[in-house]
There are 2 protein chains.
Amino acid sequence: MPGDADIAAVGALLGDERRCRILLALDDGRALPASRLAAEAGVSAATASSHLGKLREGGLVTVETHGRHRFYRLAGPHVGRLLEAMVALAPPRPVTSLREGTRARALRRARTCYDHLAGELGVGIMRHLVDAGLLTGGDGHRDPADPPVGFGQDVDYRFTADGDTWLDDFGVRLAPGRRTIRYCVDWTEQAHHLSGAAGAGILARLVELDWVRRAPKDRAVTVTDAGQEGLARTFGV
Amino acid sequence: MPGDADIAAVGALLGDERRCRILLALDDGRALPASRLAAEAGVSAATASSHLGKLREGGLVTVETHGRHRFYRLAGPHVGRLLEAMVALAPPRPVTSLREGTRARALRRARTCYDHLAGELGVGIMRHLVDAGLLTGGDGHRDPADPPVGFGQDVDYRFTADGDTWLDDFGVRLAPGRRTIRYCVDWTEQAHHLSGAAGAGILARLVELDWVRRAPKDRAVTVTDAGQEGLARTFGV
DNA sequence: GGGACGGTTCGACGGCCGTCGAAGCGACCC
DNA sequence: GGGTCGCTTCGACGGCCGTCGAACCGTCCC
């Protein structure tokens with residue numbers, strides 16, 4: 001039984017409270033520097049570095065180096081699912097922990113990324129636009145060297161004629177010259193979501209329709225009842 | 001952060017290879033005696049008892065005592081989901097382990113329990129019958145003292161007039177005197193599935209329709225393509 | 001280039017936990 | 001009731017791993 005050893009290895013990673021704190025701090029999809037995670041776990045930089053090394057080796061987190069900072073992220077949606085499954089099993093559920101849990105889940109579902117939508121919702125909308133033939137392209141790649149955390153980048157996505165029509169019909173107001181498409185790699189979903197002027201325009205229109213509402217102080221996005229229905233009908237999400 | 005400690009406690013439970021072996025052995029929903037689990041984990045009875053005690057205290061397994069045997073089960077569907085999430089993260093996937101994993105998943109989806117259906121499919125069918133008003137009752141309870149593992153028991157479920165009609169229409173042949181309803185508590189789903197003559201009759205009819213096929217030597221049940229469609233249409237499962 | 005800063009590596013300390021044999025306990029069998 | 005069997009408890013041994021300070025390495029800033 002060679003495969004069994006590995007699942008225990010994953011379990012061992014999750015058996016330490018400090019490591020769990022680190023993972024939970026990353027659970028909403030952010031990328032955080034090692035120092036912040038050390039503070040979050042309440043542990044020295046040396047210890048945190050050791051934990052992060054193990055989490056990385058175990059495939060639970062990934063690193064990006066920017067200057068003298070190293071940003072850590074959850075390695076993918078599987079990790080979020082795993083954390084969710086574990087939280088569901090942790091027997092005592094103090095209120096605060098519950099709120100944190102649902103909040104992280106909500107952020108994974110929908111959040112803002114600067115001026116546009118990210119999370120399952122952002123990715124789902126972009127996927128729908130591509131599937132519906134409103135948006136084409138997407139063979140571009142992300143330059144691993146320069147870009148700061150979670151930022152967008154030029155790629156060869158573009159709206160089709162149908163896409164232009166759809167934008168007008170849906171009520172997204174974009175100056176003709178500003179229809180350049182940008183996207184972000186959405187790390188909680190490991191897929192693309194729209195950014196740039198189009199992403200901002202769509203988010204603005206969704207807010208105008210009162211389908212979604214932005215939290216005043218953070219990146220949370222809530223979907224209204226009307227939004228549930230409208231988003232499902234329009235984008236299948 | 002009081003809640004965080006507990007999720008690490010769950011992780012610690014999963015950090016031991018022997019405990020993982022035990023959990024994986026139980027992953028298809030069976031109840032196994034401690035001695036069998038000791039053998040499965042490749043460990044002495046004393047050690048296995050220690051592990052089982054911890055798993056029980058952690059809420060991952062439950063015990064039923066029958067005579068001098070003690071049968072252990074996964075505590076519920078959450079545990080199955082957790083194992084699934086962990087397997088999805090264990091990086092190397094030897095073929096055997098993959099086959100085992102998909103097999104366990106298949107058993108959780110559909111299996112036989114003596115002469116009737118269990119697993120998600122069995123539970124889903126029963127739920128549909130109740131929701132559709134074909135079956136009523138179900139306030140009975142399971143006597144914790146006597147019954148052997150996973151066996152059915154009398155309860156006050158009964159078919160309505162519509163239910164009788166439906167049985168005839170669907171092609172389930174039951175002698176009028178043999179319409180007594182029995183059910184099993186389905187432990188992988190923590191819900192009821194039909195047993196008794198009605199459960200057996202429905203399974204027989206599903207086989208006759210070639211919607212499902214029983215494995216010759218074990219409890220596995222596979223759903224055919226026609227079955228996928230028919231079961232969805234008939235029972236919403 | 002010097003100094004500060006973020007991060008990792010190294011080494012040593014300490015504690016927790018998995019392990020098994022032996023003993024204890026209850027249930028079954030003849 | 002004596003013997004067996006299934007399981008748990010106890011106690012002792014041993015190893016693994018989390019922890020931190022100190023040293024080291026690279027980047028940024030003036």
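Throughout, a chain's letter reflects where its sequence line sits, starting with A, and its residues are numbered from 1. All heavy atoms count here, side chains included; hydrogens, waters and symmetry mates do not.
Using a 4.0 Å cut-off on heavy atoms, the residues of residues 47-55 of chain B that approach DNA chain D are B/S49, listed by number.
Remark: A/A48 pairs with A/A38, A/V43 by the side chain to side chain contact (heavy atoms under 4.5 Å, CB included) rule, at least two apart or across chains. The salt bridge (charged side-chain N to carboxylate O under 4.0 Å, His left out) test applied to A/R56 returns no partner, not counting sequence neighbours.
Taking SG of A/C20 as the reference point, atom CG of A/L13 lies at 9.5 Å (rounded to 0.5 Å). Rounded to the nearest 0.5 angstrom, A/L14 CG and A/L83 CG are separated by 6.5 Å.
In terms of position on DNA chain D, the residue among A/V43 and B/A45 whose nearest nucleotide sits closer to the 5' end is B/A45.
Considering every non-hydrogen atom in both B/E17 and A/A8, the closest pair reads CA-CB, 3.4 Å. For the residue pair B/A25 and B/L32, the shortest heavy atom distance occurs at O-CD1, 3.9 Å.
In this structure, A/R18 contributes its side chain and A/G42 its backbone to a donor-acceptor pair below 3.5 Å.
In summary, the side chains of A/H51 and A/R19 do present a donor paired with an acceptor at a separation below 3.5 Å, with no hydrogens or angles considered. Side chains of B/T47 and B/S50: a donor-acceptor N/O pair is absent below 3.5 angstrom, by distance only.
Comparing the start and finish of the helix from C/dG1-D/dC30 to C/dC30-D/dG1, five pairs each, the helix axis swings through 30°, to the nearest 10 degrees.
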Side chain to side chain contact (heavy atoms under 4.5 Å, CB included) between A/L60 and A/L23, worked out = CA-CA 8 Å; A/L60 297 197; A/L23 291 173; 4.2 Å; yes
Where do A/V212 and A/T222 land on the side chain to side chain contact (heavy atoms under 4.5 Å, CB included) test, with the steps shown first?
-> CA-CA 6 Å; A/V212 305; A/T222 57; over 6 Å; no
Could you please spell out the steps behind the side chain to side chain contact (heavy atoms under 4.5 Å, CB included) verdict for B/R214 and B/L203?
-> CA-CA 10 Å; B/R214 301 180 59 166; B/L203 174 55; 3.8 Å; yes
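Between B/E64 and B/R73 there is a salt bridge, since a side-chain N of the basic residue sits under 4.0 Å from a carboxylate O of the acidic one.
A/R36 comes within 4.0 angstrom of nothing in the nucleic acid, heavy atoms only. Within the 4.0 angstrom heavy-atom criterion, base atoms lie near B/A46.
Nucleotides of DNA chain D lying under 4.0 Å from heavy atoms of chain A occupy a range whose first and last members, 5' to 3', are D/dG18 to D/dC28.
For the pair A/L32 CG and C/dG6 P, the interatomic distance rounds to 15 Å; values are reported in whole Å.
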At a cut-off of 3.5 Å, list every protein nitrogen or oxygen paired with a nitrogen or oxygen from nucleotides 23-30 of chain C, distance to 0.1 Å.
none

